[in-house]
Amino acid sequence: MAKHNLLAHPIEWVKGKGSNSNIAVSSRIRLARNLSDFPFTHRCDHEKLYAIVDKVKQVISDSDLLKDSDVVEMDALDSLSRWVLVEKHLISPPFAGDGPGRVVVVDSKGVISIMVNEEDHLRIQVILAGLELNEVWRIAKKVEMTFEKLDYAFDSDFGYLTACPTNVGTGMRASVMVHIPALEMSKQIATLINECNRIGLTVRGTYGEGSDVLGSLYQISNQITLGLGEEELIDKVASAVRQIVTEEERARAVMKRKLGSSLDDRVWRAFGVMRYCRNISTREALELISLIKMGSDMEITPKLSVEDWNNLVLGVQPNHVQLYAGKELTPDERDVYRAAFLRERLKSIEPK
């Protein structure tokens, strides 16, 4: 996957074809696995890290499921290309740094990505649009079974052994990205976080642990990995997200009824700023995109498909902006090119 193909590489979740994808943006399952013959990644020397990579590559070449995947050595990519992968949710922010023996595997549809030698030897990740955790789990199990021949580090009492104790057990994080601007605007997020914590779930920022919330995009995921089976954890997350979807829809209906024309004005102002701005930051752009998507769902502004919305969210990210411009940019230059990107894209959804 050469640098110039990064924008063109398909990413399945962007298409927005899953259930409730206007609010439940994407479903992800991440499995942490380690090989029993090697120390954890942070204890491996360079020779061992590259030996793990060789073993993984051999499995991929023999696999019908993964043989057509792109296998990318991270050190062969420049910083811009690595961060594009972060923005597409194909790798984690820590994996975008420097270090030996780091490889990412991305399947031809952009559904499966595997980080080799991140915190664990294998971080298997599967993402689909909408609330589709059961289908994501079905695919993730197939990927996990593909690598079982490498002999996972497993304990009969504790389950899968991982570099971080919080992942021991199933080694699984099941998460759903939700777009909940109405709950945010009505100041119900604190209640949502407390309720999630009460039932063993956690609410994180747009790019996971330690990241900010941008454009009203939150990650809902399981907090524990030990003591419950994979299906139980998936059911817990899915049930919570279904309730969040219901609450967001209810909050939107209440806002539309109570705010009326003032809500219409706020949404249309967001549309106008995006359509004619000449300089805009990432944060402001994502806030405005969030507003016009909610306005579209509420039939206030012109129809904005889930796929178009997802592409707008990706397109205003700092590294996608630089790919759009075709060159590296200063922060101020990015704000100018981001505005140009938005003006161009919003032409297709002009009011009739």
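Heavy atoms only: backbone and side chains are in, while hydrogens, waters and symmetry mates are out.
Cation-pi geometry between Arg33 and Tyr160 is satisfied (NZ or CZ under 6.0 Å from the ring centre, within 45° of the ring normal).
In this structure, Asn34 contributes its side chain and Leu161 its backbone to a donor-acceptor pair below 3.5 Å. A distance-only check finds no donor-acceptor pair linking the side chain of Asn222 to the backbone of Leu233 [under 3.5 Å]. A donor-acceptor pair is defined here as one N or O able to donate and one able to accept, closer than 3.5 Å; no such pair exists between the side chain of Lys15 and the backbone of Ala129. Under the 3.5 Å distance criterion, the side-chain polar atoms of Arg334 are left unmatched by any main-chain donor or acceptor of Thr282. Within the 3.5 Å criterion, the main-chain N or O of Leu131 finds a donor-acceptor partner in the side chain of Ser19. Within the 3.5 Å criterion, the main-chain N or O of Ser296 finds a donor-acceptor partner in the side chain of Thr301. Looking at Asp265, its side chain never comes within 3.5 Å of a backbone N or O of Ser261 through a donor-acceptor pair. One N or O on the side chain of Lys256 and one on the backbone of Met298 form a donor-acceptor pair closer than 3.5 Å. Here the side chain of His121 pairs a donor or acceptor atom with the backbone of Pro39 at under 3.5 angstrom. With hydrogens and angles ignored, the 3.5 Å screen pairs no side-chain donor or acceptor of Glu118 with any backbone N or O of Ser92.
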For side-chain contact (heavy atoms from CB on, under 4.5 Å), just list the numbers for Asn167 and Arg30, CA-CA rounded to whole Å, side-chain angles, deciding distance to a tenth of an Å, and then say yes or no.
CA-CA 11 Å; Asn167 290 321; Arg30 189 215 68 201; 3.2 Å; yes

Evaluate the side-chain contact (heavy atoms from CB on, under 4.5 Å) criterion for residues Trp309 and His179: first the C-alpha distance (whole Å), next the side-chain angles of each, then the deciding distance (0.1 Å), finally the verdict.
CA-CA 11 Å; Trp309 169 49; His179 178 235; 3.4 Å; yes

Is there a side-chain hydrogen bond (donor to acceptor under 3.5 Å, both in side chains) between Glu132 and Ser27? Walk through the geometry before answering.
CA-CA 6 Å; Glu132 300 290 349; Ser27 296; over 6 Å; no

Go through Leu128 and Val111 one step at a time and tell me if the side-chain contact (heavy atoms from CB on, under 4.5 Å) criterion holds.
CA-CA 6 Å; Leu128 289 174; Val111 173; 4.0 Å; yes

Which is it for Cys44 and Ile52 under the side-chain contact (heavy atoms from CB on, under 4.5 Å) test, yes or no, and what are the steps along the way?
CA-CA 10 Å; Cys44 282; Ile52 292 168; 4.2 Å; yes

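Between His89 and Trp13, the ring planes are perpendicular. Angles over 60° get that label, and only those under 30° would be called parallel. Note on ring orientation: taking the six-membered ring where Trp is involved, the planes of Phe40 and His42 are parallel (angle under 30°, cut-offs 30° and 60°).
Here the closest non-hydrogen pair linking Ile29 and Leu133 is CD1-O, 3.9 Å. Of all heavy-atom pairs between Leu291 and Val267, the closest is O-CG1, 3.9 Å. Annotation for Ser221 and Ser175: closest pair CB-CB, 3.5 Å, computed over non-hydrogen atoms. Minimum interatomic distance between Asp335 and Asn279 (heavy atoms only, all atoms of both residues): CB-OD1, 3.3 Å. Listed here is the closest heavy atom pair of Arg123 and Ala32: NE-CB, 3.7 Å. Taking all atoms of both residues into account, the shortest heavy-atom contact from Pro302 to Trp268 is CD-CH2, 3.5 Å.
Using a cutoff of 4.0 Å between basic side-chain nitrogens and carboxylate oxygens, Glu248 and Arg252 are scored as salt-bridged. Glu135 has a carboxylate O that lies under 4.0 Å from a charged side-chain N of Arg138, or vice versa, which qualifies the two as a salt bridge. Ion pairing of Arg82 with Asp98 is present here, as a side-chain N (NZ or NE/NH1/NH2) and a carboxylate O approach within less than 4.0 Å. A salt bridge does not link Lys57 to Asp54: none of the charged side-chain nitrogens sits closer than 4.0 Å to a carboxylate oxygen. One finds a salt bridge joining Asp212 and Arg283 here, because a Lys/Arg side-chain nitrogen approaches an Asp/Glu carboxylate oxygen to under 4.0 Å. A salt bridge between Glu247 and Arg250 is present, with a side-chain N of the basic residue lying under 4.0 Å from a carboxylate O of the acidic one.
Counting heavy atoms from C-beta on, the side chains of Pro318 and Glu87 come closer than 4.5 Å. At a threshold of 4.5 Å between non-hydrogen side-chain atoms, the residues Leu80 and Leu323 count as touching. A heavy-atom distance below 4.5 Å is not found between the side chains of Val103 and Tyr50. Val143 has its side chain out of reach of Leu31: every pair of non-hydrogen atoms, C-beta onward, lies at least 4.5 Å apart. Looking at heavy atoms from C-beta onward, Leu228 lies in side-chain contact with Lys236 at the 4.5 angstrom threshold. Taking 4.5 Å as the limit, some side-chain heavy atom of Asp45 sits within range of a side-chain heavy atom of Lys48.
Environment of CZ in Arg266: sparse, with no more than 12 heavy atoms of neighbouring residues, nucleotides or ligands closer than 6.0 Å. Counting heavy atoms of neighbouring residues, nucleotides and ligands inside a 6.0 Å radius, atom CZ of Phe154 exceeds 12 of them.
For the 3.5 Å distance criterion, the side chains of Gln317 and Trp83 fail to qualify, holding no donor opposite an acceptor. Using a 3.5 Å distance cut-off with no hydrogens or angles, the side chains of Thr162 and Asp120 do not pair a donor with an acceptor.
Considering NZ of Lys141 and CD1 of Ile124, their distance stands at 13.5 Å, rounded to 0.5 Å. Between Leu85 atom CG and Ile91 atom CD1 the span is 5.0 Å, to the nearest 0.5 Å. In this structure, Leu150 CG and Phe38 CZ are separated by 9.0 Å, a value rounded to the nearest 0.5 Å. The CD1 atom of Ile244 sits 4.5 Å away from the CG atom of Leu192 when rounded to the nearest 0.5 Å. The distance from atom CZ of Phe341 to atom SG of Cys277, rounded to the nearest 0.5 Å, is 11.5 Å. Residue Gln58 holds its CD atom at 11.5 Å from OG of Ser63, rounded to the nearest 0.5 Å.
When each of Arg204, Gln219, Arg28 is checked for a side chain to side chain contact (heavy atoms under 4.5 Å, CB included) with Met177, only Gln219 meets the rule.
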